[in-house]
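As structure tokens, the structure follows; a few thoughts come after it.
Numbers restart at 1 for each chain; the letters A, B, ... are given by sequence-line order, proteins then strands. The shown structure was predicted, so the numbers you read here are calculated from the model rather than taken from an experiment.
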Amino acid sequence: MQTPAPFEYERATSVEGAIAALERLGSDARIIAGGHSLLPMMKLRLASPEYLIDINDLAELAYIREQDGEIRIGAMTRHVDLLKSELLARRFPLFRDAETVIADPVVRNRGTIGGSLCQADAAEDLSAVCSAAKAQVVIRGAEGERVVGMEDFHVGPFMTAVGAGEILTEVRLRMRRGAGSGHEKVERRAGDWAIAAASAALWVDGGTIDDVGIALSAVGVTTIHLTRAEELLRGKPPSDELFAQAGVIASEDCSPSADGRGPIDYKRHLAGVLTQRALRRSAARALSEEA
Amino acid sequence: MDISTTVNGEQVSGEVEPRQLLVHFIRETLGLKGTHWGCDTSNCGACVVLMDGRPVKSCTVLTAMCEGHEIRTVESLEVDGELDPLQQGFHERHALQCGFCTPGMLMTARALLDENPDPTDQEIRTAISGAICRCTGYQNIVSAVRWAAEHESATKQEI
Ligand SMILES: Cc1cc2nc3c(=O)[nH]c(=O)nc-3n(C[C@H](O)[C@H](O)[C@H](O)COP(=O)(O)OP(=O)(O)OC[C@H]3O[C@@H](n4cnc5c(N)ncnc54)[C@H](O)[C@@H]3O)c2cc1C
Ligand code: FES
Ligand code: FES
């Protein structure tokens, strides 16, 4: 039987309360959101926090709304609600692409976007999704809020820009014209983590790629931002040849390790193919949006 | 710590260790052994119960997290000797062999039919994709859920 090591449990009734508890209890305290990454780690004793601060009651952190030209997603928004959101499906369809294949429907009833990003596991799909979509996250502490881009959020494997006494409260996605996006994943069986996954977002203006985001899951120790491929694409008209070149870069710039999900050369190959597919799907969506 | 929650419509309270997982509270503290405990790693779905109407894997929820929420287990399906249409459907369509996965399948399917009373086979397969059955090959489970959906809607029309 797997049982977490003993800890004390506290339920936060406000964001301020959760932050105050983190400050009071120090580094022995951890936030628990959906618990679907943290509890398995605690059961395996890979994590043994002395205090858990449960933020599941913070309904004020569960929302998906349009505000100031952005889509704003509260940290406690669960996978199931991201999957169902028509607003996200219309503006950032890569979310629905990803959410249909993240874990299984029962796990998706608990896991949250905040927990996914803060877990900072390179195998998480949403980290790649948010990186490709060029999301910004809001981090709040006793001193106030700061806004951090996804490119600065993951500072290492299982490490984020969220500091001591801080929590992630919101994810922001800027809505721009001519947007198209897609997420492509290959898994061994329903509900499994990715062997590899690729997220892409394109913003097309007047027939050329104005901006682009590409990121990979599960083929490195952190989520991989394909900045070299992004530079190649920017300013050019979308084409299959261009996307094939981006695929080659993806295969080169990832750093997978061999495990039960496959050997290194297979994963590199997959990263390339999935990058191409995600870009093609993004372009098709962007062009239909622009038309 | 003291906890109070609602299980199958009844208020229950007691003293639990904060680290206790919901599946053990249900099985050991409350003695409701219908909920099964399988992989212990949130993969098999044998431990699924409903929390506020949504299926969750009770091996990956703390009892402490249930304070103020409503839990429903497989024991709640049969009422006064009357089987839930899903239980009847599993019987009619031979949807179990060893029965280990059955409580989780039933609760997962219950939540599906509550939300979507007329699911397609594909929607049923998606809904139960987090639940593993080593015996049946799933075909009869899908068929049983369809059976329940059809009989449930027929009953509703009679009323
Ligand atoms: C069987 C299974 C299969 C899965 N398959 C996939 C998959 O295919 N793809 C995928 O992407 N994910 C998958 N997951 C992970 C799932 O998406 C988790 O729900 C998610 O990773 C974590 O979200 P959570 O809300 O459960 O976080 P928790 O487990 O509650 O927390 C994770 C970490 O984040 C911290 N944290 C949480 N919220 C905040 C916050 N607001 N501010 C600061 N810190 C915070 C916690 O302290 C903890 O360190 C799977 C999980 C399981 C159990
Ligand atoms: S015992 Fe909970 S999912 Fe297997
Ligand atoms: S009937 Fe044996 S596991 Fe499903």
- Is it the side chain or the backbone of A5(A) that comes within 4.5 Å of chain B heavy atoms, both, or neither? backbone

- Could you tell me which portion of D192(A) (side chain, backbone, both or neither) has an atom closer than 4.5 angstrom to a non-hydrogen atom of chain B? neither

- Task: Can you see which heavy atom on P105(A) is nearest to which on G130(B), and at what distance?
- Result: CD-N, 4.5 Å

- Message: So which residue, V56(B), V48(B), N43(B), ends up with the most heavy-atom pairs under 4.5 Å with chain A?
- Response: V56(B)

- Task: Give the C-alpha distance, both sets of side-chain angles, the deciding distance and a yes or no for side-chain contact (heavy atoms from CB on, under 4.5 Å) between T41(B) and Q2(A).
- Result: CA-CA 9 Å; T41(B) 58; Q2(A) 295 181 2; 3.9 Å; yes

- Message: Using every non-hydrogen atom in the two residues, find where L21(B) and P4(A) come nearest and quote the distance to one decimal.
- Response: CD1-CD, 4.5 Å

- Do R54(B) and R110(A) come close enough that some side-chain heavy atom pair is under 4.5 Å? no

- Message: Heavy-atom pairs under 4.5 Å with chain B: which of V106(A), L39(A), V107(A) has the most?
- Response: V106(A)

- Quick one: what part of L38(A) sits under 4.5 Å from any heavy atom of chain B, side chain, backbone, both or neither? neither

- Examine distances only and state if a side-chain atom of R11(A) and a backbone atom of E67(B) form a donor-acceptor pair shorter than 3.5 Å. yes

- Side chain of K43(A), backbone of D40(B): donor and acceptor closer than 3.5 Å? yes

- Query: Looking only at heavy atoms, which two atoms of Y9(A) and P18(B) are closest? And how far apart?
  - Reply: CB-CB, 3.8 Å

- Item | Sub-4.5 Å side-chain heavy-atom contact between E8(A) and R19(B) | no

- Would you indicate whether H91(B), at its atom NE2, is surrounded by more than 12 heavy atoms from other residues, nucleotides or ligands within a distance under 6.0 Å? no

- Query: So which of K57(B), M1(B), M65(B), Q20(B) has the largest heavy-atom pair count under 4.5 angstrom toward chain A?
  - Reply: M65(B)

- Top contributor to chain B interface from A190(A), P6(A), G35(A) [non-hydrogen pairs under 4.5 Å]: P6(A)

- Bottom line for M42(A): the part with an atom under 4.5 Å from chain B's heavy atoms is neither

- Flag the pair S42(B) / P40(A) as yes when at least one side-chain heavy-atom distance between them is below 4.5 Å, and no otherwise. yes

- Query: Would one find more than 12 heavy atoms of other residues, nucleotides or ligands at under 6.0 Å from atom CD of E28(B)?
  - Reply: yes

- Task: Answer yes or no: are there more than 12 heavy-atom neighbours, outside R134(B) itself, under 6.0 Å from its atom CZ?
- Result: no

- Cut-off 4.5 Å, heavy atoms of chain A, and the answer for A64(B) is both

- Can you find a heavy atom in the side chain of P55(B) that is under 4.5 Å from one in the side chain of N109(A)? yes

- Quick one: which of T108(B), I128(B), L62(B), T126(B) has the most heavy-atom pairs under 4.5 Å with chain A, could you say? L62(B)

- Residue L44(A) versus chain B: region with a heavy atom under 4.5 Å: neither

- Would you say E10(B) has more than 12 foreign heavy atoms packed within less than 6.0 Å of its CD? no

